[in-house]
Number of protein chains: 2
Amino acid sequence: MLQLKDLPDAKVLRKFAERYAEVDSDSVIHYLNILRIGTELSDSLDRFLATHGLLQGRWWVLILLMREDDLTTTPSELADKSGVSRATMSGLINGLLRDGLIARQEGDVDRRSYSVKLTEAGQAKLDEVMPDYYSRVKKMMGAIPVQQRDNLLMQLMLIKEQSHVFD
Amino acid sequence: MLQLKDLPDAKVLRKFAERYAEVDSDSVIHYLNILRIGTELSDSLDRFLATHGLLQGRWWVLILLMREDDLTTTPSELADKSGVSRATMSGLINGLLRDGLIARQEGDVDRRSYSVKLTEAGQAKLDEVMPDYYSRVKKMMGAIPVQQRDNLLMQLMLIKEQSHVFD
DNA sequence: TTATTATAGTTAGCTGGCTAACTATGTCAA
DNA sequence: TTGACATAGTTAGCCAGCTAACTATAATAA
């Protein structure tokens with residue numbers, strides 16, 4: 001999702017404030033920056049994964065599978081844990097099946113469903129990517145000391161909790 | 001883009017750390033939370049705009065047009081300022097054209113291009129949405145005092161700047 | 001003037017979000 | 001037991017992101 005790259009400067013904000021009395025410039029700037037930074041962090045991750053021939057959505061699915069002791073779970077569990085719809089998960093799974101990173105197992109207990117299991121190729125791909133990923137995350141987050149990060153996160157969470165005002 | 005909803009707990013992190021020595025749990029948790037919160041804030045905005053019958057990408061385009069003194073600009077300018085490709089902007093513009101929120105003006109100066117202008121219907125839609133949007137942003141960001149927000153933003157920017165480690 | 005390089009916008013194809021509708025199956029209440 | 005309701009997964013259609021390739025045009029160098 002597009003988040004504005006060219007953020008409004010003082011002139012633009014003034015223009016909008018003249019028409020819309022509700023403008024609070026600081027709030028707007030802070031908000032738009034947070035949105036934009038979120039996009040850019042995600043884009044960085046995209047680009048990194050692309051160097052390993054992986055797409056982000058599919059990679060999260062591999063990770064969720066690896067969490068399981070038997071490397072196996074159902075599409076609806078994957079959808080719930082990732083936070084996407086079952087329809088979306090259906091597509092992600094199909095991509096991974098095509099690439100041979102997961103395999104399909106027909107359900108026994110519930111005939112409406114099936115399971116997917118991380119394959120050896122899938123595990124190998126994670127073994128290739130995750131060390132690199134973790135060391136980079138560590139380095140990036142190292143820009144700020146842990147305690148400050150805790151505080152940062154708490155503040156972001158406060159904002160997120162307030163986001164119900166958009167409901 | 002999916003950002004993980006079910007974030008790893010201590011057990012999961014331990015499992016991954018046993019296999020990948022590079023894991024720094026705090027960094028991972030902080031990072032994943034930031035990504036997730038970015039997604040949720042954007043989703044909130046999506047839902048809000050939907051109540052006004054608007055899609056987020058298109059709405060940003062309307063805003064960019066409103067910035068201009070003549071409410072007019074070119075597709076490539078819109079693409080550059082929003083941070084998306086020209087191909088993507090082509091689609092966004094077509095949607096807005098269909099809805100009559102913008103109108104197309106053939107280019108005079110450069111025959112490779114054309115301009116798009118915010119229509120009265122487009123301005124009316126913004127006039128409907130923006131007061132509501134601004135007051136909600138103000139309320140949401142009010143969860144944290146301005147000075148703390150400044151600090152929060154500086155820290156996020158530090159992280160963003162470090163995100164080149166993913167390159 | 002001509003050829004090369006750059007640019008504006010579009011299309012095709014891939015990706016991945018959504019909702020609504022659907023089929024198949026499971027659960028629960030009467 | 002039967003009907004109503006719920007659930008798992010898929011499909012269609014819309015949305016919006018990308019790249020590569022394309023056409024048309026503009027700018028620049030020779």
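Naming convention: chains lettered A, B, ... in sequence-line order (proteins, then strands); numbering from 1 in each chain. No experiment lies behind these values; they were computed from the predicted model shown.
Among C/dA6, C/dG16, C/dT10, the nucleotide with an atom closest to any side-chain atom of A/Leu92 is C/dG16.
The CG atom of B/Leu49 sits 17 Å away from the C1' atom of D/dC14 (whole-angstrom rounding). If you take CD of B/Gln56 and C1' of D/dA16, they are 11 Å apart, rounded to a whole angstrom. One can place CG of B/Asn94 at 11 Å from P of D/dA16, the figure rounded to the nearest angstrom. For the pair A/Leu45 CG and D/dC18 P, the interatomic distance rounds to 16 Å; values are reported in whole Å. The CZ atom of A/Arg86 sits 14 Å away from the P atom of D/dA6 (whole-angstrom rounding). With rounding to whole Å, A/Tyr114 atom OH is found 17 Å from C/dA24 atom P. A/Met1 has its CE atom 14 Å from the C1' atom of C/dT15, to the nearest Å. Distance CD (B/Gln3) to C1' (C/dG16): 13 Å, rounded to an integer number of Å.
Annotation: of the two residues near DNA chain C, A/Leu55 and A/Ala87, the 5′-most nearest-nucleotide partner is A/Leu55. Mapping A/Met89 and A/Leu2 onto DNA chain D via the closest heavy atom, the residue that lands nearer the 5' end is A/Met89. Of the residues near DNA chain D, B/Gly95 and A/Ile93, the one whose nearest nucleotide (by heavy atom distance) lies more toward the 5' end is A/Ile93.
Figure legend: A/Arg104 and A/Tyr114 shown as a cation-pi pair, the cationic atom lying under 6.0 angstrom from the six-membered ring centre and within 45 degrees of its axis.
Proximity of B/Ser90 to the phosphate of C/dG9: no side-chain N or O atom is located under 4.0 Å from OP1 or OP2. Taking only side-chain nitrogens and oxygens, A/Arg111 comes nearer than 4.0 Å to OP1 or OP2 of C/dG26. Put simply, B/Thr88 has a side-chain N or O that comes within less than 4.0 Å of OP1 or OP2 on D/dC18. Side-chain nitrogen and oxygen atoms of A/Arg98 include at least one within less than 4.0 Å of the OP1 or OP2 phosphate oxygen of C/dT15. Dashed line: the shortest gap from a side-chain N or O of A/Arg58 to OP1 or OP2 of C/dT15 is under 4.0 Å.
One finds the NZ atom of B/Lys139 at 6.0 Å from the NE2 atom of A/His164 (value rounded to the nearest 0.5 Å). Within the model, atoms CD1 of B/Ile93 and CD1 of B/Ile102 stand 5.5 Å from one another, a figure rounded to the nearest 0.5 Å.
Among the protein residues, B/Arg104 comes within range of the sugar-phosphate backbone only, with heavy atoms under 4.0 Å from sugar or phosphate atoms but none that close to a base. At the heavy-atom level, B/Ser76 lies under 4.0 Å from the strands shown only through sugar-phosphate atoms.
Using a 3.5 Å distance cut-off with no hydrogens or angles, the side chains of B/Asn151 and B/Gln147 do not pair a donor with an acceptor.
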Going through the distances and angles, do B/Ser82 and B/Leu64 end up as a side-chain contact (heavy atoms from CB on, under 4.5 Å)?
CA-CA 8 Å; B/Ser82 59; B/Leu64 287 174; 4.1 Å; yes

